[in-house]
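Quick notes on the structure that follows.
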There are 2 protein chains.
Amino acid sequence: MPKLPQISDAEWDVIKVLWDRGEAGAQEVTEALAVGRNWRPQTVKTLLNRLVKKGAVAYVEDGRRFIYRPKVSRDAVARAESRSFLSRVFDGAVTPALVHFMKLGNLSKADIEELKRTLDRETKP
Amino acid sequence: MPKLPQISDAEWDVIKVLWDRGEAGAQEVTEALAVGRNWRPQTVKTLLNRLVKKGAVAYVEDGRRFIYRPKVSRDAVARAESRSFLSRVFDGAVTPALVHFMKLGNLSKADIEELKRTLDRETKP
DNA sequence: CGAGAGTAACTACACTTGTAGTCGGTAGTC
DNA sequence: GACTACCGACTACAAGTGTAGTTACTCTCG
């Protein structure tokens, strides 16, 4: 499995677009991010380049443009980020973090039901 | 309420010691961190200084040494970090994050019970 | 009193991150 | 064939981070 690189905040926004679409060219990514993140095209290209250099993203040439595609799964990266977050903020303990998040509020009844089911599923294995 | 500064990884380790003890001098912090983070004393002082500059920590002079004390609560900082983590990794959605964390595993039976109770408590208010 | 140990202040320096600008090439258009 | 628009490559640059070194001062011990 590829070693997971450290992905920065701005880079996350970029790679999210790739995860959503499967693959995309630089221009497409720039347009997808136009709302909210108002980046110049060069900025997006720099970020794509850094992601390539980090090994998080691959590309194929398509004529004179590049098509980028994620090389690492969102789930794997989320897991790594979660672990680093947990160890920094909660000393690695999952349960206090869960309690903290639950108290962050805004859980609907449906959410709560789903979470309980997930807990049940976690009980046996 | 004081604006919450952005606290870096290394700074977290330092301010955690202050949260644990209430207050401490630079040397004490260095010793507390000697296991795991093997930092030179100057490194710890630099980090304390940065925390002071950021407004996360205050100090009083005690003779020719400084006694440092947190100015922001761990809970408030954890909340801010959680929010930023959530929005980066899970687009701000709490429930998927909770599910993800639960699957990170290692929940004991007792943990699961506690979490269910917490969910129940979240149900009414 | 003189030497050593410990203190905070100031300085250092490479790496990452956010946010681009510029350059040289090519594809497509008149 | 000349011009324009777009592409990737390379360069830039300030702020934040990790990790200290150096300096100037002072308290304490012999």
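Below, read A as the first sequence line, B as the second, and so on, with proteins coming before strands; counting in each chain starts at 1. Predicted model only: the values in this text are computed from it and were never measured. Quick note: numbers below take in every heavy atom, side chains included, and nothing from hydrogens, waters or symmetry partners.
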Separation of atom [atom1] in [X] from atom [atom2] in [N], rounded to whole Å:
X        : N       : atom1 : atom2 : result
Leu33(A) : dA20(C) : CG    : P     : 13 Å
Leu48(A) : dA9(D)  : CG    : P     : 11 Å
Glu11(B) : dT19(D) : CD    : P     : 12 Å
Gln6(A)  : dT16(C) : CD    : P     : 10 Å
Asp62(A) : dC6(D)  : CG    : C1'   : 14 Å
Trp12(B) : dG16(D) : CH2   : C1'   : 18 Å
Asn38(B) : dG18(D) : CG    : P     : 17 Å
Lys45(A) : dT22(C) : NZ    : P     : 15 Å

Could you say whether Arg65(B) or Ala10(A) is positioned toward the 5' end of DNA chain C, judged by the nucleotide with the nearest heavy atom to each? Arg65(B)
Taking for each residue the nucleotide of DNA chain C with the nearest heavy atom, is it Tyr59(B) or Trp39(A) whose nucleotide lies nearer the 5' end? Tyr59(B)
Which atom of Leu119(A) lies closest to which atom of Ile112(B), heavy atoms considered: O-CD1, 4.0 Å
Residue [X], side-chain heavy atoms: nucleotide from [options] that is nearest:
X        : options                  : result
Arg50(A) : dG18(D), dG18(C), dC7(D) : dG18(C)
Asn49(B) : dA9(D), dT19(D), dA9(C)  : dA9(C)
Arg37(A) : dT19(C), dA9(C), dA9(D)  : dT19(C)
Phe66(B) : dA8(C), dT17(D), dG8(D)  : dA8(C)
Gln42(B) : dA9(D), dA8(C), dT17(D)  : dA8(C)
Leu47(A) : dT7(C), dT19(C), dT19(D) : dT19(C)

Are any of the side-chain heavy atoms of Asn38(B) and Leu33(B) separated by less than 4.5 Å? no
Check whether any side-chain heavy atom of Gln27(A) lies under 4.5 Å from a side-chain heavy atom of Pro41(A), and answer yes or no. no
Once you apply a heavy-atom cut-off of 4.0 Å, does [X] come out as touching a base, just sugar-phosphate, or nothing?
X        : result
Ser8(A)  : sugar-phosphate
Lys53(A) : nothing
Arg64(B) : base

Are OP1 or OP2 of [N] and a side-chain N or O of [X] less than 4.0 angstrom apart?
X        : N       : answer
Arg40(B) : dT19(D) : no
Gln27(B) : dG6(C)  : no
Thr46(B) : dG18(D) : no

If you count the non-hydrogen atoms of other residues, nucleotides and ligands that lie under 6.0 Å from CZ in Arg37(B), is the total more than 12? yes
No-hydrogen, no-angle side-chain donor-acceptor test under 3.5 Å, Asp111(A) and Ser108(A): yes
When the ring planes of Phe66(A) and Tyr59(A) are compared, do they come out parallel, tilted or perpendicular, using 30° and 60° as the limits? parallel
